[in-house]
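This one's a predicted model, so the numbers in the text were calculated from it and none came from an experiment. Order of listing sets the numbers, starting from 1, for every ligand and every atom in it. Residue numbers start at 1 and run along the sequence shown.
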Amino acid sequence: MAFTIPEELHKVEANQCAPLTKEQLLTNYTDVFMDPISSVPGEIHFELDPNVSPVQCAPRNVPVALREKVKEELDRHIRAGNITPVSEPTAWISNMVTVAKPEKIRLCIDPKPLNRALLRSHYHMPTLEDVLYKLPKARVFTLVDARDAFLQCKLDDESSRLTTFWPPWGRMRWLKLPFGVSVAPEIYQHKQHKLLAGLAGIEPIADDILVVGCGDTEGMLMQLQCYNLDVVYKPGPEMYVSDTLSRATLPHQGPDTPHVRHAVFATQTEYAQLDQAQHLNVTSFRFRQIAQHTGTDDVLQELKTVILDGWPDFKEDTPLAVRDYWPFRDELNVQNDVLYRGQCIIIPKALRAELLKRIHSSHIGGEACYRRARDTLFWPSMRAEIKDFVANCSACNEYARNQQKEPMMSHEIPTRPWQTVSMDIYSYAGKEFIILVDHYSDYWEIDQLPDLSAQFARYGQPDKVISDNGPQFACEQFRKFAANWGFTRHILPPSSKIKRQGRSGC
Ligand SMILES: [Zn+2]
């Protein structure tokens, strides 16, 4: 059952003669089931290690197939008051991570750089073992899950700015506790404990609440049993990521189910519901082939075991064969016999040569081949192998040469309109036109040739005119024209472009 932790906790009155029904529960306590969820009192403040330098990550691509859904989810969070756009500079910018689920997208920040700077409060999180000894007479157990638990916790302004992240539509920051932040579970737990402290038969475990009964609450708890609650042991030291990312709700089972979601402890089997492959541009034949080769790839099988059992605390304790994957351990998961790093499929060794050929088939040069492949495929040395593979291809080398950036020329920023203009000539429908761009305002005009003086008569004469070395400009006639009007000519070398303040000129 998912609910908002209310500021004042309700005592649920159970009556043995007439057991509480689900409808009664929902009617009598509507305030805890409302949308959007409300926040618990107080604001959260992150403590930072001053010795860690802030990190500003560049924005990452969102796969085209996911863009629309990701945008919708961002907008939903903005409407719910969970995130807000950022316009001012921020010291920290994290990457955005999207996790695709069958019916929704989950957004969180890639917390690795920020987590290194956040100071832990070392609040001890009780485990099932910690509370079991208190429950010798308990006979009925119910697990209750706070709905969007972290999003019930407000961040203070300073901490909110630390959570700035960079989706393709401009920077945003979280106003509520975001998923993925290492200190989030202990902060949330601490709050939850303070709110629930002293209530008999209620034990917070991780971010769930265990309700136990052995006497008069039993009737009520029997009613709750129809919610099909499971408790599954979940290993893994990196619970703050794997727990929140792998939590899933069961499919809808009736018209009233939006209120009643089932708390499910995180298990890797939930990934079976999340068809990541459908968001990737991978044919089902290729997918079966990858699954089959993953099954016979010794390293990937060992990696799978480590992912499912949980990573050790130290790299030195990781099996040698899979140490290459240590830096990405937070992003690895298993689904339908295929391993993923984030949204990318991890390619078994036996298929890499064939896929290299595929990646190379477009002959767009090593770096571009890699950029195209990295949205879908992954193996630890993929970038270097693609570059090696492509290095001796003359078509790729030619392409890469042609794609080289032309040198950008910076120009002095003018102090008044029409002081510096760029011009160029082009033909359309058998007529010649001249286009002029004012460097001060980026205002532009097009006129039919040969009426250039009309332009200068309208706006005054420029100090400087920039053009390419086309025959109309690099000629005696234009030199004389410049001398008459008293402007200097600036003729650009072949194939150079003008850049001023980040905008391109004419
Ligand atoms: Zn090539």
Side-chain angles (χ1 to χ4, degrees), residues 57-67 70 95-98 100 110 166 168 276-300 303 321-328 331-332 335 337-409 468 492-499 504:
C57 299
R60 267 187 207 163
N61 276 344
V62 172
V64 174
L66 289 179
R67 278 180 81 99
V70 169
N95 272 317
M96 182 181 73
V97 176
T98 55
D110 179 358
W166 207 332
Q276 290 192 247
Q278 73 184 7
H279 297 294
L280 295 168
N281 189 18
V282 177
T283 61
S284 53
F285 163 76
R286 177 73 71 191
F287 192 80
R288 280 197 304 277
Q289 190 190 31
I290 292 168
Q292 190 191 341
H293 279 91
T294 300
T296 54
D297 187 306
D298 291 344
V299 174
L300 292 192
L303 181 62
V322 303
R323 267 185 213 176
D324 284 349
Y325 292 87
W326 171 265
F328 329 107
E331 303 165 54
L332 303 178
Q335 187 195 353
D337 302 323
V338 170
L339 306 190
Y340 291 84
R341 176 191 173 189
Q343 282 149 170
C344 299
I345 295 178
I346 300 179
I347 301 302
K349 197 168 176 121
L351 289 177
R352 289 176 195 170
E354 188 191 334
L355 280 169
L356 278 172
K357 275 188 214 158
R358 285 265 167 172
I359 292 166
H360 178 220
S361 62
S362 53
H363 292 286
I364 52 176
E367 193 55 38
C369 282
Y370 167 69
R371 280 201 303 274
R372 193 173 279 188
R374 73 178 172 189
D375 287 340
T376 318
L377 313 174
F378 176 79
W379 66 87
S381 53
M382 183 173 87
R383 184 180 191 159
E385 283 180 40
I386 290 175
K387 285 194 160 176
D388 272 5
F389 192 85
V390 171
N392 295 321
C393 170
S394 56
C396 274
N397 289 334
E398 181 63 24
Y399 183 89
R401 249 198 310 283
N402 292 337
Q403 289 302 107
Q404 267 175 5
K405 285 199 178 106
E406 290 164 342
M408 284 292 186
M409 296 186 61
D468 66 12
L492 300 171
S495 74
S496 62
K497 290 214 168 74
I498 301 162
K499 188 186 185 192
S504 57

Item to complete: Quick one: list whatever passes ring-ring contact (aromatic ring centres under 6.0 Å, His included) with Tyr370, sequence neighbours left out.
Response: none
Practice prompt. Output, by chain and residue number, all protein N/O/S atoms separated from the Zn ion (ligand 1) by less than 2.8 Å.
Written response: His360 NE2, His363 ND1, Cys393 SG, Cys396 SG
Worksheet item: At their closest point, which heavy atom of Ile386 faces which heavy atom of Ala373, and how far apart are they?
Response: CD1-CB, 4.1 Å
Discussion item. I'd like to know whether Met382 forms a side chain to side chain contact (heavy atoms under 4.5 Å, CB included) with Ile347, so could you lay out the CA-CA distance, the side-chain angles of the two residues, the decisive distance to 0.1 Å, and finally the verdict.
Written reply: CA-CA 10 Å; Met382 183 173 87; Ile347 301 302; over 6 Å; no
Practice prompt. Answer yes or no: are there more than 12 heavy-atom neighbours, outside Arg358 itself, under 6.0 Å from its atom CZ?
Written response: no
Worksheet item: Between CZ of Phe378 and CG of Leu332, what distance do you get to the nearest 0.5 Å?
Response: 7.5 Å
Worksheet item: Roughly how far apart are Leu300 CG and His293 NE2, rounded to 0.5 Å?
Response: 11.5 Å
